[in-house]
Amino acid sequence: MPIRLSTLFLRTLREDPADAEVASHKLLVRAGYIRRAAPGIYTWLPLGLAVKAKVEQIVREEMNRAGAQEVFFPALLPREPYEATGRWTEYGDNLFRLQDRKKADYLLAPTHEEMFTLLVKDLYSSYKDLPLSLYQIQNKYRDEARPRAGLLRGREFVMKDAYSFDVTDEGLVASYHAQRDAYERIFRRLGVEYVIVKADAGAMGGSASEEFLSPSPIGEDTFVRSPGGYAANVEAVKTVVPDAVPFDKTPAAVVHDSPNTPTIATLVDLANEKVARADRAWTAADTLKNVVLALTSPEGKRSLVVVGLPGDREVDAKRAEVAFAPNDVEPATEEDFAKNPALVKGYIGPVKDGLAVLGEKGSSGIRYLLDPRVVDGTAWITGANIHEKHVFDLVKGRDFEADGVADIAEVRAGDPAPDGSGPLELARGIEIGHVFQLGRKYAEALDLKVLDENGKLVTVTMGSYGIGVTRLVAVLAEANRDDKGLIWPQSVSPADVYVVAAGKDDSVYQTAEKLVADIEAAGLSVIYDDRQKVSPGVKFGDAELVGVPRIVIVGKGLEQGEVDLWDRRTGERRSVPLESAVAQLR
RNA sequence: CGGGAUGUGGCGCAAUUUGGUAGCGCACCUGUUUUGGGUACAGGGGGUUGGAGGUUCAAAUCCUCUCAUCCCGACCA
């Protein structure tokens with residue numbers, strides 16, 4: 001049966017909703033696909049549900065083809081499994097927690113690693129049962145601090161989450177690639193542009209991890225890519241280490257007075273004024289900035305670390321977070337400085353009077369790490385650890401050393417790609433999928449073990465694979481639209497064909513009715529605008545807003561025995577004989 | 001959590017500066033009209049102006065508090 005606009009639960013809006021910012025959000029609301037129920041929580045109307053079901057079906061088919069089996073967990077879960085893995089607390093405020101009448105703790109699941117792990121543990125106990133891949137398509141709940149852009153970042157959203165279970169590391173890699181391949185097929189079928197970027201595994205633990213990002217200016221994730229095809233999250237970019245340089249011609253380090261130079265900019269100005277060189281001017285890149293960070297371990301122990309990096313670069317908070325995980329990272333506070341008088345704020349450097357200050361062998365004992373660009377032989381202007389004094393030509397490998405490397409400086413456009421494939425450019429993307437080799441973290445925490453062929457208990461290794469289904473609907477809407485409305489790819493359109501009956505004669509509606517039936521008999525689904533009292537302009541406007549890519553207009557062409565085929569994407573309209581219309585649509 | 005903005009019928013807005021008892025467009029209902037680009041006309045229903053307290057003869061408007069939403073940032077598989 002066709003979807004009839006005369007009875008469809010739909011009210012299109014002429015104006016953009018005031019609370020919507022991005023185009024996909026405005027259009028999905030205006031065209032009657034979704035309604036906001038609460039911040040970051042949306043109701044799906046019939047048209048929206050149809051699109052969501054199309055996306056889900058494609059995901060389902062490719063998951064099944066990849067050998068994964070569908071299950072369905074509750075969204076409402078008890079606390080205990082999440083307590084066992086530490087995530088009841090680790091998830092923090094983002095977790096929706098609630099209590100039943102007996103005051104027992106529950107949560108609305110933000111993700112289901114624990115439950116899948118326990119389910120497999122519940123039923124399986126032999127290596128013969130593995131490998132195994134399971135998945136579900138289900139609502140997830142995260143109490144986001146700031147939901148935004150409609151479906152893009154909601155507090156309730158639909159996710160396909162899959163998990164693989166293997167005995168061996170090689171098995172895990174195979175399962176991982178089966179999912180990764182399925183993802184590529186899914187996004188190709190959906191017509192979604194994507195790039196695969198190397199990602200950091202973050203709080204999920206485990207090792208190998210890749211993100212599928214859909215490039216978009218409204219994306220929340222910044223990634224880098226090179227002309228040679230390298231792509232990665234900024235967190236995952238490894239800085240290219242320059243070769244060591246000779247320093248036999250570099251003059252000995254000299255301390256200069258540098259009053260009122262607490263910042264890099266003021267220091268560079270002073271250097272050019274008082275310590276001018278013949279060959280070129282000093283720049284921020286000649287200075288070594290020593291940033292003091294406070295690390296807090298999971299046990300709550302606080303310690304300081306100093307990181308030296310070229311003065312023209314800032315610390316990237318996300319890269320720092322990754323580099324120092326599982327510790328929390330924050331800038332050192334006044335209190336930290338007060339407790340460590342060896343650190344002369346604004347004038348921090350690795351040596352004072354030729355003796356090491358920073359580093360575990362230094363007088364302060366504070367750990368000292370360097371940006372990878374600070375290689376042996378490079379000379380720097382840096383703090384002298386004396387108020388209002390800096391040292392010039394301090395050479396790494398000659399005058400100072402460090403305890404190690406900290407690759408936490410910001411990545412900039414033009415930086416070389418780690419694999420030598422050219423200069424990096426920065427781009428924005430929306431995360432639409434994520435594949436992880438989790439390893440044994442969850443299996444260990446929840447004691448998922450099977451007997452191997454020798455009758456020995458071995459811990460299972462797992463992978464976790466997510467696709468944001470409702471987010472994909474928003475991504476598709478964002479990428480497929482014009483100023484008139486949505487333009488769905490055929491693969492997810494709420495119907496295959498949209499038939500507009502334009503006219504007032506009953507004969508127009510009778511003919512359209514027959515045509516709709518014929519189209520459906522040919523196996524295509526139809527949305528049929530059968531509203532008799534609505535003017536053609538309104539019908540055309542709604543057709544464009546709703547965005548079914550193929551539209552058939554039944555109206556005044558009937559006098560010549562013709563109907564119009566209207567391509568929503570190109571705007572092209574052409575008249576064809578009524579009898580051949582169905583054949584042309586197929 | 002920090003910064004900014006906004007809360008007025010279902011939706012989008014005006015009236016707030018200068019207090020006088022709420023108005024416009026869309027949507028909705030009735031009738032006539034129109035039917036290939038959001039027809040036209042007439043009539044109609046619907047709002048205790050986010051909430052609480054205060055000032056005043058009188059509060060959407062002024063004051064205090066509070067709640068909510070949106071945007072930027074922080075945060076975030």
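Predicted model only: the values in this text are computed from it and were never measured. Each chain gets a letter, A, B and so on, in the order the sequences are listed, and its residues count up from 1.
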Pairing stems for RNA chain B [at least three consecutive pairs; Watson-Crick or G-U; under 3.5 angstrom]: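 RNA chain B stems, ordered by first number: B:1-7 with B:67-73, B:10-13 with B:23-26, B:28-32 with B:40-44, B:50-54 with B:62-66.
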
Listed once per pair and sorted, the ring-ring contact (aromatic ring centres under 6.0 Å, His included) pairs that draw on residues 8-29 of chain A, sequence neighbours left out: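 Found His25(A)-Tyr42(A).
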
Qualifying ring-ring contact (aromatic ring centres under 6.0 Å, His included) pairs, either residue in residues 534-574 of chain A, two or more places apart: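 ring-ring contact (aromatic ring centres under 6.0 Å, His included) check on residues 534-574 of chain A returns Phe540(A)-Trp566(A).
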
Test of ring centre spacing under 6.0 Å for Trp488(A) and Tyr498(A):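 No, too far apart.
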
Compile the donor-acceptor pairs under 3.5 Å between side chains in residues 71-82 of chain A and protein atoms, sequence neighbours left out, one pair per line.
| residue | atom | partner | partner atom | Å |
| --- | --- | --- | --- | --- |
| Arg79(A) | NE | Glu83(A) | OE1 | 2.5 |
| Arg79(A) | NH1 | Asp105(A) | OD2 | 2.6 |
| Arg79(A) | NH2 | Glu83(A) | OE1 | 2.7 |
| Tyr82(A) | OH | Thr111(A) | O | 2.5 |

Residues that [X] engages under side-chain contact (heavy atoms from CB on, under 4.5 Å), provided they are two or more places apart:
X	result
Lys121(A)	Leu118(A), Asp447(A), Leu448(A)
Leu95(A)	Trp88(A), Tyr91(A), Arg97(A), Leu107(A), Pro110(A)
Thr511(A)	Val554(A), Leu558(A), Leu578(A)
Asp483(A)	none

Proximity to RNA chain B (any heavy atom under 4.0 Å), residues of residues 548-564 of chain A only: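 Heavy-atom contacts with RNA chain B come from Ile553(A), Gly555(A), Lys556(A), Gly557(A), Asp564(A).
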
B/S/- contact track for nucleotides 1-6 of chain B, protein heavy atom under 4.0 Å: ------

I'd like a list of close polar pairs between nucleotides 7-15 of chain B and the protein, N/O only, cut-off under 3.5 Å.
| residue | atom | partner | partner atom | Å |
| --- | --- | --- | --- | --- |
| G12(B) | OP1 | Ala18(A) | N | 3.1 |
| G12(B) | O2' | Glu15(A) | OE2 | 3.4 |

Candidate nucleotides A77(B), C71(B), U69(B), ranked by approach to the side chain of Glu21(A) - the nearest: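 The closest nucleotide is C71(B).
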
Distances under 3.5 Å between protein N/O atoms and the N/O atoms of nucleotides 33-35 of chain B, please, pair by pair.
| residue | atom | partner | partner atom | Å |
| --- | --- | --- | --- | --- |
| U35(B) | OP2 | Lys504(A) | NZ | 3.4 |

